[in-house]
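Heads up: the structure comes next, in structure tokens.
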2 protein chains.
Amino acid sequence: MSSFSVTGVSSRTAARVGLLHLAHGTVETPNFMPVGTQGSVKAISSEELEEIGADIILSNAYHLYLRPGHDLIARAGGLHQFMQWHRPILTDSGGYQIFSLPALVKMTDEGVTFQSHIDGSTHFLTPEKVLEVQEALGVDIAMMFDQPVAYPATKEATKVAMDRTLLWAERLKAKRSLDTQLVFGIVQGGFDAEMRIESTERTVEIGFDGYALGGLSFGEPTELTGELTELMTHRLPKDQPRYMMGVGHPTDILAAVARGVDLFDCVLPTRLGRNGCAYTTYGRINMKNAQYVADFGPLDPDCSCKVCQKHSRAYLRHLYKSGEILAARLVTYHNLHFYLNLMRRLREAIRRDQFSEFKSGFERSYDED
Amino acid sequence: MSSFSVTGVSSRTAARVGLLHLAHGTVETPNFMPVGTQGSVKAISSEELEEIGADIILSNAYHLYLRPGHDLIARAGGLHQFMQWHRPILTDSGGYQIFSLPALVKMTDEGVTFQSHIDGSTHFLTPEKVLEVQEALGVDIAMMFDQPVAYPATKEATKVAMDRTLLWAERLKAKRSLDTQLVFGIVQGGFDAEMRIESTERTVEIGFDGYALGGLSFGEPTELTGELTELMTHRLPKDQPRYMMGVGHPTDILAAVARGVDLFDCVLPTRLGRNGCAYTTYGRINMKNAQYVADFGPLDPDCSCKVCQKHSRAYLRHLYKSGEILAARLVTYHNLHFYLNLMRRLREAIRRDQFSEFKSGFERSYDED
């Protein structure tokens with residue numbers, strides 16, 4: 001596939017900018033995907049996502065398979081039509097979600113038997129079925145079904161999960177049928193350098209339209225995330241997109257971009273927005289804190305989003321303390337703007353070959369505690 | 001005050017259209033005020049309220065006094081500035097809320113001692129203090145502090161509440177100080193025709209900028225609401241605005257407009273919107289019902305709001321079933337649009353002297369069950 005092109009590289013890091021051409025539009029990379037697990041980016045409308053400048057969002061095939069069902073969404077004309085979002089969508093396959101389920105019944109090389117977290121009904125999913133679900137959803141990028149491991153993991157457990165993920169990758173090869181949908185492979189290998197290398201090389205050999213760095217930020221120390229990332233990015237094709245799943249804090253994203261990662265998603269800006277926590281140039285602030293009770297300034301004085309142009313910390317704090325839905329709406333909006341603006345600014349810095357300076361500048365001001 | 005002018009009357013009913021000139025803009029009447037009890041119309045932004053065409057909203061002095069405090073809001077520059085809504089605001093005094101409190105400690109002619117529903121702290125509010133709170137909020141219309149009674153009420157309890165409300169009305173006369181704020185009196189008298197008449201006449205004699213019909217739709221049969229409304233509207237000055245508090249269903253509003261009422265507020269469109277219930281031309285529908293699971297049509301085929309232009313019942317049902325905040329946002333938006341559009345259409349009908357036809361047409365199609 002020639003759907004991705006690198007249009008600029010940083011001279012002192014592995015950071016790069018590129019264009020990813022998808023069925024519903026072109027995504028500039030590096031980019032961040034707001035998370036809309038159940039077909040809605042929590043508290044935010046699709047008009048607002050466009051307003052903030054989201055180029056692509058993430059949804060979850062496993063969640064949509066369970067509710068409302070991929071067949072229903074196909075009848076509605078696909079996920080874009082169902083949720084009225086007309087730019088690209090990537091769906092996660094749900095490997096992470098299923099293997100985190102307490103009610104997981106059985107996993108074999110054939111597939112996974114589990115109980116629905118919604119109604120307790122029993123389901124059997126295979127990698128083939130999960131791809132079929134994503135084809136029915138009609139999304140721009142489908143993720144293969146994979147098996148991650150949480151930190152710490154034994155060598156044995158890591159190898160079983162890695163081998164199974166590779167077996168599933170192999171099986172998908174013959175199954176891919178949609179011209180309009182890219183399929184990304186997922187590299188596993190836990191927290192073991194050798195297995196990460198093996199998983200990368202074998203996944204690339206099987207061949208996908210893009211590659212995800214799976215199972216990271218899953219409890220391991222940040223330094224280890226960095227080392228493992230580098231082992232993988234060094235071995236991934238330069239001319240294909242790289243997606244680090246479920247990551248992360250702004251500083252994690254900058255670190256991964258410096259190592260050549262192109263795509264990210266994370267629930268943090270939305271989840272924290274609902275819980276009263278706002279991102280600012282100087283770090284996160286908890287809007288419930290008493291110190292903001294009479295603070296009539298904006299969430300972030302350096303922010304150009306419409307919430308910061310209009311509303312005061314005092315008002316937002318009042319909304320949180322009063323349990324008003326508007327608090328979640330406004331701060332989620334601001335937080336997503338913060339993330340997407342960070343991505344815009346770092347792309348610009350890469351284009352000007354000033355990424356290192358941009359990264360250090362951001363880290364100096366931003367207090368990640 | 002010459003802030004109100006009747007600009008048209010219906011020849012076969014007492015319905016009328018008018019213009020109410022307030023510090024933050026002119027309100028066409030009859031009109032409906034979306035409820036923003038705590039300084040936010042639940043789930044809806046101020047831009048959206050403008051988009052839907054809200055001319056005036058209602059907030060609650062008692063709630064804002066308790067949290068975040070009227071002094072804080074005054075420091076923010078008033079309630080308009082605090083919540084960033086720049087059209088008119090009316091605040092209810094909180095009489096209804098306080099007298100519905102389980103933790104009410106003591107009420108005398110002097111005032112009311114009660115415990116905060118937020119932190120249990122003890123407060124003492126007098127009619128003078130409640131006006132002072134509303135002056136600090138800087139709202140366009142302040143409501144006097146009153147004491148309603150719930151249906152059924154004894155003659156004795158009704159009289160005590162009525163006399164106290166009249167005493168408080170008298171005491172406020174000397175207190176009103178803001179040129180930019182109208183103060184409305186509240187007629188009480190429970191469900192007793194004679195006391196309703198007495199309360200109306202004595203409140204008018206004291207003299208306010210407008211008059212509220214208080215304590216209605218408080219458990220009594222609809223026929224009785226209608227009779228009492230008529231007793232009051234017949235005795236209220238024709239050239240001053242009349243506001244029926246907390247009412248109500250679309251059909252209740254039409255009935256009251258036919259009797260010459262000008263202003264309404266009610267939590268129904270917002271509360272029901274959060275709970276999965278949508279208003280349509282044919283009556284309310286519960287979006288959680290299984291019948292909408294694969295209904296790809298709009299909430300209301302006759303509605304021009306942006307939710308109905310974009311989203312399907314199937315998607316909205318999915319959002320409710322999934323507990324997504326967006327469900328509350330979208331259906332509340334539609335419901336408020338439904339109410340405000342009803343008011344726009346009924347004003348147009350009065351102007352053309354076709355109000356009776358409009359009312360019967362609406363009632364024929366709308367099933368209020």
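The basis for the numbers below is simple: all heavy atoms, side chains too, and nothing from hydrogens, waters or symmetry mates. From a predicted model like this one, the values you see are computed outputs, not experimental measurements. Letters A, B, ... mirror the listed sequences (proteins, then strands); counts begin at 1.
- Heavy-atom pairs under 4.5 Å with chain B were tallied for A:Q84, A:H63, A:R317; the largest tally goes to A:Q84.
- Remark: A:Y320 OH is packed, more than 12 non-hydrogen atoms of other residues, nucleotides or ligands lying under 6.0 Å away.
- Contacts between B:L64 and chain A at a heavy-atom distance below 4.5 Å involve the side chain alone, from C-beta outward.
- Counting only distance, with no hydrogens or angles, the side chain of B:H318 and the backbone of A:Q38 share a donor-acceptor pair below 3.5 Å.
- Contacts of A:L319 with chain B are made by side-chain atoms alone, with heavy-atom separations under 4.5 Å and no backbone atom involved.
- In this structure the side chain of A:L326 reaches within 4.5 angstrom of the side chain of B:S45, judged on heavy atoms.
- Residue-environment remark: OH (A:Y292) exceeds the threshold of 12 foreign heavy atoms within 6.0 Å.
- Among B:A294, B:S312, B:A328, the residue making the largest number of heavy-atom pairs under 4.5 Å with chain A is B:A294.
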**Message:** Please determine whether side chain to side chain contact (heavy atoms under 4.5 Å, CB included) holds for the pair A:K321 and B:I118, giving the CA-CA distance in whole Å, both sets of side-chain angles, and the decisive distance to 0.1 Å.
**Reply:** CA-CA 10 Å; A:K321 298 301 277 185; B:I118 298 166; over 6 Å; no

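- Looking at A:L316, neither its backbone nor its side chain comes within 4.5 Å of chain B, counting heavy atoms on both sides.
- Chosen from B:G323, B:G77, B:S40, the residue pairing most often with chain A at heavy-atom distances under 4.5 Å is B:S40.
- With a 4.5 Å cut-off on non-hydrogen atoms, B:E324 touches chain A through its side chain but not through its backbone.
- Counting heavy-atom pairs under 4.5 Å between each of A:R329, A:K310, A:Q81 and chain B puts A:R329 at the top.
- For the options B:S46, B:S322, B:A314, heavy-atom pairs under 4.5 Å to chain A are most numerous at B:S322.
- Note that OG1 of A:T332 and CD1 of B:I325 are 7.0 Å apart. Values are rounded to the nearest 0.5 Å.
- For B:R274, the part lying near chain A is the side chain, with the backbone staying farther off; criterion is any non-hydrogen pair under 4.5 Å.
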**Message:** Let's go through A:Y315 and B:L72 carefully: what are the C-alpha distance in whole Å and the side-chain angles of both, what is the deciding distance for side chain to side chain contact (heavy atoms under 4.5 Å, CB included) to 0.1 Å, and is it a yes or a no?
**Reply:** CA-CA 10 Å; A:Y315 181 59; B:L72 182 83; over 6 Å; no

**Message:** Pair B:M83, A:H311 - check side chain to side chain contact (heavy atoms under 4.5 Å, CB included), show working.
**Reply:** CA-CA 7 Å; B:M83 66 181 289; A:H311 295 294; over 6 Å; no

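- Of the atoms belonging to B:F296, it is side-chain heavy atoms, and not backbone ones, that fall under 4.5 Å from chain A.
- Residue contact with chain B, scored on non-hydrogen atoms closer than 4.5 Å, is absent for A:A327.
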